[in-house]
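Values reported hereafter were calculated over all heavy atoms of this structure, with side chains retained and with hydrogens, waters and symmetry mates removed. A, B, ... follow the sequence lines: proteins, then strands. Residue 1 opens every chain.
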Amino acid sequence: MFFPMSICQLVSQEETHKPILLPHLESVILGRGPQTTIKDKKCSREQVELKADCSKGFVKVKQLGANPTSVDSVVVGHGKEVKLMPGQLLHIVNDLYPYTVQFKEDPGSCKRPLDVSSKDEEGCPEAPSLKCPVPDVHSGKQSVAHWSQGLKASMQDPNMQVFKDDKVVVIKDKYPKARYHWLVLPWISIPSLKALRDEHCSLLKHMQKVADHMVQQCPHASALDFRSGYHAIPSMSHVHLHVISQDFDSPCLKNKKHWNSFTTDYFIESQDVIHMLETDGKVTVKEGTSELLKLPLCCHLCRKELPTIPALKQHLKSHFLAKNRTSNAS
DNA sequence: GTTCTAGAAC
DNA sequence: GTTCTAGAAC
């Protein structure tokens with residue numbers, strides 16, 4: 001194909017101006033100026049460099065200015081570059097001037113590309129409402145969210161919800177890594193652990209209470225061990241508390257990354273996150289945490305090292321049998 | 001996050 | 001030859 005399948009736009013969440021077209025693989029430099037309507041002196045005239053990749057569905061964001069540009073509350077850093085996915089929030093500078101990116105099917109029927117400098121208010125007649133960062137399942141192909149934003153849609157789906165109150169919702173993990181595996185998500189959007197502040201403490205404590213409640217209502221709770229905690233570096237956006245039974249008996253547990261993400265310090269206990277927040281006012285992930293995923297497979301119960309995933313699964317069966325013997329004997 | 005599959009490991 | 005892992009995905 002000669003043309004990318006979709007076009008990419010940068011959308012002001014404050015609707016201070018019309019969306020800015022980000023042509024496929026072309027660098028667009030933005031900052032203080034008429035295009036963004038930003039007049040803030042803290043914002044460089046060349047604050048960010050954006051390069052959309054329409055085939056891969058993300059935008060590379062490079063912070064050119066000295067003051068912080070952030071994606072989902074995480075600072076990019078001067079001269080550094082991060083990926084911006086649909087559904088994530090870009091702040092041009094100092095947590096101000098929020099933007100999202102949108103990939104849409106190339107309208108084709110439009111004779112000319114969307115030209116934001118054009119005075120013609122009619123523009124493309126198809127110009128959709130661009131406020132919602134999560135695509136509406138009913139509107140189909142207007143925009144395509146990146147897979148990492150999938151939890152935002154799942155938590156809103158009544159068919160996925162197994163518990164909800166005014167603060168949180170619980171869904172079953174779509175690919176459970178054990179016999180019981182739930183996710184507790186707050187209704188408010190907290191993109192990642194890095195965005196947590198001490199004001200979130202009570203919410204996290206509530207999430208823990210709901211996690212405990214899920215375990216209590218589980219018919220096999222007394223026969224199983226459970227842990228609740230967060231992945232240090234999750235793949236999916238939107239803070240989520242894993243509540244998972246410690247049998248790890250599931251066909252969806254397939255590789256070393258799966259195993260180590262729940263059985264090494266990559267898995268941070270809910271209490272530890274709350275404690276960190278209370279003492280430091282933020283959550284810090286130790287350097288080298290991502291390397292924990294590459295550690296050899298090691299049984300979480302007896303520390304025996306196993307060479308492969310099938311060998312590990314076979315080994316886990318011996319612990320089930322031992323546990324059944326003790327529970328039958330008592 | 002998953003799926004797919006080339007090629008490493010056995 | 002088969003099993004299994006690990007990296008790309010347009």
### Query
Starting at CG of A/Leu297 and ending at C1' of C/dA6, how long is that distance when rounded to a whole Å?
13 Å

### Message
Quick check, does A/Tyr175 stack with B/dG1? I mean ring centres under 5.5 Å and planes off by under 30°.
### Response
no

### Message
How many whole angstroms separate atom NZ of A/Lys56 from atom C1' of B/dG1?
### Response
18 Å

### For atom CD1 of A/Ile7 and atom C1' of C/dC10, their distance in whole Å
18 Å

### Query
What nucleic acid atoms does A/Leu151 come within less than 4.0 Å of, heavy atoms only: base, sugar-phosphate, or nothing?
nothing

### Message
At less than 4.0 Å, is any side-chain N or O atom of A/His231 found next to OP1 or OP2 of B/dG1? Yes or no.
### Response
yes

### Task
Answer with base, sugar-phosphate or nothing: what part of the nucleic acid does A/Thr308 contact at a heavy-atom distance below 4.0 Å?
sugar-phosphate

#### Entry: Residue that, paired with A/Leu90, satisfies side chain to side chain contact (heavy atoms under 4.5 Å, CB included) out of A/Asp72, A/Val11, A/Val59, A/Leu10
A/Leu10

### Query
So, is A/Ser55 close to the C/dC10 phosphate, meaning a side-chain N or O under 4.0 Å from OP1 or OP2?
no

## Note on the structure
Between A/Pro158 and A/Gln156 the two heavy atoms that sit nearest each other are CD-O, 3.2 Å

### Query
Base, sugar-phosphate, or nothing for A/Lys294, non-hydrogen atoms under 4.0 angstrom?
nothing

### Message
Does the plane of the ring in A/His242 sit parallel, tilted or perpendicular to the ring in A/His231? Use 30° and 60° as the thresholds.
### Response
tilted

### Message
Whole angstroms only, please: what is the NE2-C1' distance between A/His258 and B/dT2?
### Response
8 Å

### Query
Is A/Arg227 salt-bridged to A/Glu269, cutoff N-O under 4.0 Å?
yes

### Task
Answer with base, sugar-phosphate or nothing: what part of the nucleic acid does A/His240 contact at a heavy-atom distance below 4.0 Å?
nothing

### Task
Count the heavy atoms belonging to other residues, nucleotides or ligands that lie under 6.0 Å from CD of A/Glu287, then report whether that count exceeds 12.
no

### Message
Once you apply a heavy-atom cut-off of 4.0 Å, does A/Lys254 come out as touching a base, just sugar-phosphate, or nothing?
### Response
sugar-phosphate

#### Entry: Base paired to C/dC10 (Watson-Crick or G-U; both N/O distances under 3.5 angstrom)
none

### Query
Taking OP1 and OP2 of B/dT2, is either one under 4.0 Å from a side-chain nitrogen or oxygen of A/Lys177?
yes

### Spacing of A/His146 atom NE2 relative to C/dC10 atom P, expressed in whole Å
13 Å

### Value in whole Å for how far the P atom of C/dA6 lies from CD of A/Glu291
14 Å

### Query
Rounding to a whole Å, what distance do you find between A/Lys174:NZ and B/dT3:C1'?
13 Å

### Message
What contact category does A/Pro310 fall into here, base, sugar-phosphate, or nothing, at under 4.0 angstrom with non-hydrogen atoms?
### Response
sugar-phosphate

### Query
Within this structure, what is the CG-to-P distance between A/Asn255 and B/dA8, rounded to whole angstrom?
20 Å

